[in-house]
Asker: 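What follows is a single structure, and I will ask about it in a moment.
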Amino acid sequence: MASAQANYDKLLAGPTAAELTAAQANIKSTQASYNAAVKSAGAASTKLESVRVAQEKAAAVLQQAQAEYDVVAWRADVGRLPEAVELQKATLDYEQATANYEAQLATTDSDAASQIATAAYQLAQAKSTLAKLYARPEDLRSTQASLDQAKANLDKLSAPATATDLLIQQAALTQAEQNLKQAQLNLGNATLAAPFDAVVTAAHIVPGSFVNAGLGVVEPGGAE
């Protein structure tokens with residue numbers, strides 16, 4: 001009852017200044033993180049474009065070096081010529097530019113999308129937290145219903161028992177007494193009793209066994 005009343009009173013009172021300040025600060029922080037993620041994604045796209053252009057330039061240089069090498073490829077000393085050196089250098093530069101582009105391409109899209117999605121989720125959570133500080137009509141109705149139910153339960157506990165309540169309790173008591181008598185009867189039926197004092201020298205059953213009337217279950221000895 002006290003808890004339901006406290007929840008209802010809190011909804012009516014609305015958020016405190018401290019709660020509003022904290023919620024608004026959280027929104028400001030998460031909004032900044034979201035903006036930074038979007039900006040970072042843009043920077044990553046710019047870097048990807050940069051390495052792509054570098055790869056294209058390296059490909060053009062390699063093509064030119066290959067053409068110049070092909071002109072002198074017939075010479076026996078071609079390996080010592082400047083054209084061979086330039087072709088080797090251009091090939092290495094192109095391979096490195098291609099590796100840089102592929103590495104940037106593999107991380108740009110996935111990382112940027114993941115960071116933006118995380119920041120967007122955190123921003124939505126912060127806004128939701130602020131919205132929850134203000135009571136909505138459905139929140140008031142739900143809390144009012146809980147309060148009314150708590151009051152009804154308290155009134156029921158405080159009210160004297162009715163004739164119907166007494167009949168229900170009497171029926172439950174009668175049933176419990178019958179259950180007790182049946183349990184006592186079952187216990188008696190499960191107990192073996194001898195008409196004289198003796199010592200059991202042998203048993204033909206084990207605990208939990210079902211036996212029929214007239215079946216010998218033990219052998220007494222040493223009767224006194």
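Side chains are part of it too, since the values below use all heavy atoms of this structure and drop only hydrogens, waters and symmetry mates.
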Asker: Can you tell if the side chain of V78 reaches within under 4.5 Å of the side chain of Y69, non-hydrogen atoms only?
Answerer: yes
Asker: Rounded to the nearest 0.5 Å, what's the gap from CD on E102 to CD on Q55? Could you check?
Answerer: 7.0 Å
Asker: Is it the case that Q178 and Q182 place a side-chain donor and acceptor less than 3.5 Å from each other?
Answerer: no
Asker: Taking the side chain as everything from C-beta on, heavy atoms only, tell me whether T91 gets closer than 4.5 Å to L62.
Answerer: yes
Asker: State, with a plain yes or no, whether a side-chain heavy atom of Q169 is found less than 4.5 Å away from one of L173.
Answerer: no
Asker: About how many Å separate CG of D93 and OG1 of T98, when rounded to the nearest 0.5 Å?
Answerer: 10.5 Å
Asker: Between NZ of K57 and OH of Y94, what distance do you get to the nearest 0.5 Å?
Answerer: 15.5 Å
Asker: Donor-acceptor pair, distance only, cut-off 3.5 Å: does the side chain of T30 make one with the backbone of I27?
Answerer: yes
Asker: Check which hydrophobic residues are tied to V53 through side-chain heavy-atom contacts below 4.5 Å, counting indirect links as well, and list them.
Answerer: none
Asker: Looking only at non-hydrogen atoms, find the nearest pair between A37 and A119 and report the distance.
Answerer: CB-CB, 4.2 Å
Asker: If you round to the nearest 0.5 Å, how far is CD of Q24 from CG of L20?
Answerer: 5.5 Å
Asker: Any pair with a residue in residues 116-126 that passes side-chain hydrogen bond (donor to acceptor under 3.5 Å, both in side chains), sequence neighbours left out, goes on the list, sorted by first then second residue, please.
Answerer: none
Asker: Is it the case that one hydrophobic cluster holds both V71 and V61, taking links as side-chain heavy atoms less than 4.5 Å apart, direct or via other members?
Answerer: no
Asker: Please enumerate all residues that pass salt bridge (charged side-chain N to carboxylate O under 4.0 Å, His left out) together with E56, with sequence neighbours excluded.
Answerer: R52
Asker: Is there a side-chain contact between L87 and E83 in this structure, where contact means two heavy atoms from C-beta onward sitting under 4.5 Å apart?
Answerer: no
Asker: Examine distances only and state if a side-chain atom of S29 and a backbone atom of A25 form a donor-acceptor pair shorter than 3.5 Å.
Answerer: no
Asker: Flag the pair R80 / D77 as yes when at least one side-chain heavy-atom distance between them is below 4.5 Å, and no otherwise.
Answerer: yes
